[in-house]
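Structure record follows, encoded as structure tokens.
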Amino acid sequence: MTILRVESLIFGVEDLEAGMRYFEDWGLTRTASGAHGADFTLPSGQTILLRSAMDTVLPAAPDRSPTLRETVWGVSDAAALQRIGAGLGRDREVKSDANGLHTRDEAGFAIGFRVAAPAPQASTSAAPRMNRPFDPERRARPSRLGHVVFNAAQKDFEKLLAFYLERLDFRLTDRALDTGAFLRCRGTNDHHSLFFATRADRNSFNHAAFEVKNIDEIVLGGKYMKSRGWKPNTPLGRHILGSNVFWYFDSPCGGRTEYYSDMDQMNDDWKPRIWEKNPGFAMWMMEPDEAPPLKQG
Ligand SMILES: [Fe+2]
């Protein structure tokens, strides 16, 4: 079984117009919209789907609205999809439809699986250069969706972790016993494609992270978001675990979105680190002159 990446996120939104504006300002391309909601497609082929929170077709979430209603993981091929369905079907209901398989994890979050549809991507390797053309848009255009993060209640935490590690073959990269666990699916070397943050008693969506080329694009994207009236949730900074540069914004579709770049890349030799105490949220952050320190409710 090979889970390659987050394939699609489906949000149940209260205000579709605000949600569309937010993700357009974020730098995503709207590929469909109408009575059903709105679809955004990244250059990687991954999608963000906005649907009405009232849509009864959407799975319920263990969280207040608006929020993420389903996380769909992209798998390598039809055989992998079939194996996942058979494996999970042993102890939970797994529904199958034209969009793949649908079930729930140990915290009640709706998860789906389908064969990944990666779009061919231009190389982003840093070639030697005489000059780098400035970006007349001065904003971000994320290339892909890198990770998704949930808050997980203490009572569900261990079984949730075991479910992803043992049943879905994720790998543990870092675990901070006081804050949470960073996992990566088999198809990526990214430090994490999934993070569970420990919470006393709440299961909820936390954030989705979109990769951009470099720190310049994060700054341009964040400044553009601010100019459009969206509220930063953190200042610009660099994480310690994962070491990616980040800037988070509050999303009207629930939770936050993160611009990130320059994340640690792991290999098969990596031994998971267990931290008694989290070494810290950030190595540095710019002055929090317009946003309080991260409150990941
Ligand atoms: Fe993140």
Side-chain angles (χ1 to χ4, degrees), residues 5-9 11 22-23 26-28 42 44 46 48 63 67-68 71 73 109 140 142-152 160-161 164 170-176 178-185 187-199 202-215 217-219 221-222 225 230-251 253-266 272-273 275 278-286 288 291-297:
R5 63 181 189 175
V6 184
E7 192 69 14
S8 183
L9 297 179
F11 289 88
Y22 184 82
F23 279 109
W26 191 249
L28 305 192
L42 284 130
S44 57
Q46 294 157 299
I48 300 292
D63 193 4
T67 192
L68 178 63
T71 302
W73 295 95
F109 294 118
S143 60
R144 71 183 179 105
L145 181 55
H147 61 266
V148 61
V149 173
F150 297 92
N151 302 318
L160 196 56
L161 201 54
Y164 282 92
F170 279 63
R171 293 188 278 186
L172 182 66
T173 305
D174 270 308
R175 179 164 185 193
D178 57 344
T179 46
F182 294 88
L183 315 177
R184 62 195 196 280
C185 58
T188 185
N189 292 323
D190 289 350
H191 177 270
H192 55 283
S193 43
L194 180 63
F195 174 55
F196 290 111
T198 38
R199 291 290 181 273
R202 188 168 169 219
N203 289 319
S204 58
F205 170 63
N206 187 310
H207 74 266
F210 296 79
E211 189 176 39
V212 296
K213 287 191 289 294
N214 49 37
I215 189 172
E217 194 172 354
I218 296 178
V219 172
M225 290 297 281
W230 303 111
K231 194 172 148 292
N233 181 264
T234 65
L236 174 74
R238 185 182 280 278
H239 281 303
I240 294 177
L241 299 182
S243 77
N244 47 300
V245 184
F246 63 79
W247 202 350
Y248 293 79
F249 281 75
D250 290 330
S251 165
C253 300
R256 286 151 286 278
T257 57
E258 174 191 5
Y259 286 130
Y260 82 95
S261 186
D262 198 21
M263 175 178 268
D264 287 340
Q265 297 296 296
M266 322 319 287
R273 293 180 296 194
W275 304 80
N278 193 312
F281 177 74
M283 188 166 77
W284 56 262
M285 281 198 283
M286 298 299 284
L294 185 71
K295 282 185 300 205
Q296 298 199 326

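Both ligands and their constituent atoms are indexed starting at 1 by order of listing.
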Please name the atom of [X], limited to N, O or S, that comes nearest to the Fe ion (ligand 1).
X      : value
His207 : NE2
His147 : NE2
Glu258 : OE1

**OP:** Measure from the ring center of Phe182 to the ring center of Phe195 and say whether it is less than 6.0 Å.
**Re:** yes

Original post:
Looking at the rings of Phe196 and Tyr164, which for Trp means the six-membered one, are their centres under 6.0 Å apart?
Top reply: yes

Original post:
Side chains of Asn244 and His191: donor-acceptor distance under 3.5 Å anywhere?
Top reply: no

Subject >> Minimum heavy-atom distance Val212-Pro142, with the two atoms named >> reply: CG1-CA, 3.8 Å

